[in-house]
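One structure is given here, and the rest of the page talks about it.
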Amino acid sequence: MKIIKVESYDQLSKTAAEMVIEKVRREPKTVLGLATGGTPVGLYKELVKDHQNGGTSYKEVSSFNLDEYVGLSGDDPNSYRYFMDEHLFNHVDISKENTHVPLGNTEDHQQHCQDYENLLKERGGVDLQILGIGPNGHIGFNEPGTSFQSETQVVELMDSTREANARFFNSIDEVPTHAISMGIATIMRSKEIILMVSGETKREALAQLLNGEVNENFPASILKNHPNVTVIADKDAVGE
Ligand code: GLP
């Protein structure tokens with residue numbers, strides 16, 4: 001893993017954006033793997049700004065998001081589809097049919113997970129995957145204990161994850177109990193990965209990632225076995 005330490009969240013967003021922009025300009029048909037949550041918001045702002053002022057085009061880009069809450073439809077403001085439309089897709093020239101976010105409200109979640117995994121494989125897999133990390137080391141919504149062999153599946157969210165994400169909802173009771181998430185094996189098949197780590201609440205997770213061993217109880221640890229991972233961490237996450 002390559003580690004880039006930056007001063008601030010702003011720097012973290014800009015550094016990640018430069019890498020994405022460079023990739024898209026070099027390979028216009030890039031398949032991006034995208035993440036939600038608080039961490040990538042600044043990155044998406046930078047991409048929109050660059051699209052508007054610098055002209056980087058996403059016309060031929062396609063994207064696959066990591067995860068979606070079970071039970072929420074894409075027009076629910078708390079769904080990850082809505083998040084992606086609001087923060088990125090509505091503001092760049094990507095065609096919506098090339099953007100893929102798991103559907104949280106299908107009749108058959110298992111079937112949808114398989115279809116999602118198959119579609120991603122058909123499209124040649126993710127070229128550049130953006131990741132955040134949960135305080136417990138989750139990537140996507142793969143909680144501690146998830147098999148490293150896992151593919152896209154329905155997962156149960158830990159209480160601590162629901163609590164961490166309750167800030168986006170009116171109350172914790174509204175936070176779904178389950179999600180659909182790309183699996184660890186799915187994520188590991190990405191050709192290149194950028195892991196963004198920001199803020200004091202991620203300090204322990206970052207230390208565990210850097211110093212701990214590869215173990216299913218700390219999902220992000222598997223990234224150490226990937227040949228092309230860049231971790232970008234801000235000062236608050238790195239600590240003293
Ligand atoms: C969420 C998402 C992850 C995200 C992580 C951290 O639950 N499923 O994809 O990386 O938890 O979120 P945040 O960036 O808001 O801290």
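From a predicted model like this one, the values you see are computed outputs, not experimental measurements. Numbering of ligands and ligand atoms starts at 1, following listing order. For reference, positions follow the sequence shown, starting with 1.
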Walk me through it: do Ser198 and Asp234 pass the test side chain to side chain donor-acceptor pair (under 3.5 Å)? CA-CA 5 Å; Ser198 169; Asp234 66 15; 2.7 Å; yes
Taking a 3.5 Å cut-off between nitrogen or oxygen atoms, can you list every pair linking ligand 1 to the protein, with distances?
unit_1   : atom_1 : unit_2 : atom_2 : d
ligand 1 : 7 (O)  : His138 : NE2    : 3.4
ligand 1 : 7 (O)  : Asn165 : ND2    : 2.9
ligand 1 : 8 (N)  : Asp67  : OD2    : 2.8
ligand 1 : 8 (N)  : Gly140 : O      : 3.2
ligand 1 : 11 (O) : His138 : NE2    : 3.0
ligand 1 : 14 (O) : Gly38  : N      : 3.3
ligand 1 : 14 (O) : Thr39  : N      : 2.9
ligand 1 : 14 (O) : Thr39  : OG1    : 2.4
ligand 1 : 15 (O) : Gly38  : N      : 2.7
ligand 1 : 15 (O) : Arg167 : NH2    : 2.8
ligand 1 : 16 (O) : Lys202 : NZ     : 2.6

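- The residues Glu22 and Arg26 are annotated as salt-bridged, a charged nitrogen and a carboxylate oxygen being separated by less than 4.0 angstrom.
- The main-chain N or O of Tyr80 is found under 3.5 Å from a side-chain atom of Glu68 such that the two form a donor-acceptor pair.
- Under 4.0 Å is where a charged nitrogen must lie from a carboxylate oxygen, and between Asp85 and Lys96 at least one such pair does.
- Looking at residues two or more places apart in sequence or on another chain, you find a salt bridge (Lys or Arg N to Asp or Glu O under 4.0 Å) between Arg189 and Glu117, Glu151.
- Counting only N and O atoms by type, the side chains of Asp10 and Ser8 include no donor and acceptor under 3.5 Å apart.
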